[in-house]
Amino acid sequence: MPSSVIRFFRYAPETRELKVTFISGRLYVYEDVPAEVAAAFRDAFAKGSFFNREIRDRYAYRDITHEYTG
């Protein structure tokens with residue numbers, strides 16, 4: 001999953017939460033993301049473009065970076 005913006009992501013279908021870790025180290029949880037959107041994100045060739053077009057500014061999110069840093 002090479003991307004110049006996104007390092008890693010994980011989707012939890014039971015909670016409909018999409019966790020996205022950016023290259024910068026920031027970690028966000030996007031809430032109430034439909035499974036179809038998460039699957040399309042997974043399958044997208046350009047993850048950053050898809051994220052900006054279909055996820056960013058469309059779903060509520062929480063910055064949880066501080067929860068994972070020492």
Side-chain angles (χ1 to χ4, degrees):
M1 188 205 93
S3 172
S4 61
V5 178
I6 296 166
R7 178 178 294 155
F8 181 78
F9 67 92
R10 178 176 303 160
Y11 182 67
E14 64 281 355
T15 59
R16 294 173 49 114
E17 289 185 334
L18 178 69
K19 289 184 181 177
V20 181
T21 303
F22 293 90
I23 295 295
S24 67
R26 304 298 296 184
L27 177 59
Y28 293 87
V29 175
Y30 291 83
E31 301 172 353
D32 204 28
V33 177
E36 306 80 47
V37 172
F41 184 40
R42 180 193 66 224
D43 295 340
F45 176 75
K47 301 285 191 267
S49 294
F50 183 91
F51 173 83
N52 286 333
R53 187 178 62 250
E54 302 294 334
I55 298 170
R56 181 179 170 196
D57 298 329
R58 289 184 179 238
Y59 298 96
Y61 67 89
R62 300 184 321 272
D63 180 346
I64 61 169
T65 306
H66 65 281
E67 295 176 22
Y68 290 91
T69 58

Exercise. Verify, without hydrogens or angle tests, whether Tyr11 (side chain) and Val33 (backbone) share a donor-acceptor contact under 3.5 angstrom.
Key: yes

Quiz item: Ignoring hydrogens and geometry, is there a side-chain-to-backbone donor-acceptor pair from Arg58 to Arg53 under 3.5 Å?
Solution: yes

First locate atom [atom1] of [X], then atom [atom2] of [Y], and finally report the distance between them rounded to the nearest 0.5 Å.
X     : Y     : atom1 : atom2 : value
Arg62 : Glu17 : CZ    : CD    : 5.0 Å
Lys47 : Asn52 : NZ    : CG    : 13.5 Å
Ile6  : Thr21 : CD1   : OG1   : 10.0 Å
Thr15 : Asp32 : OG1   : CG    : 10.0 Å

Answer whether the closest heavy-atom distance between the side chains of [X] and [Y] falls below 4.5 Å.
X     : Y     : result
Tyr61 : Val29 : no
Tyr30 : Phe41 : no
Arg42 : Phe9  : yes

Quiz item: Would Val37 and Tyr59 count as a side chain to side chain contact (heavy atoms under 4.5 Å, CB included) if you check the C-alpha gap in whole Å, the side-chain angles of each, and the deciding distance to 0.1 Å?
Solution: CA-CA 11 Å; Val37 172; Tyr59 298 96; 3.5 Å; yes

Self-check item: Linked, directly or transitively: Tyr28 and Ile23 (ILVMFWY side chains, under 4.5 Å)
Solution: no

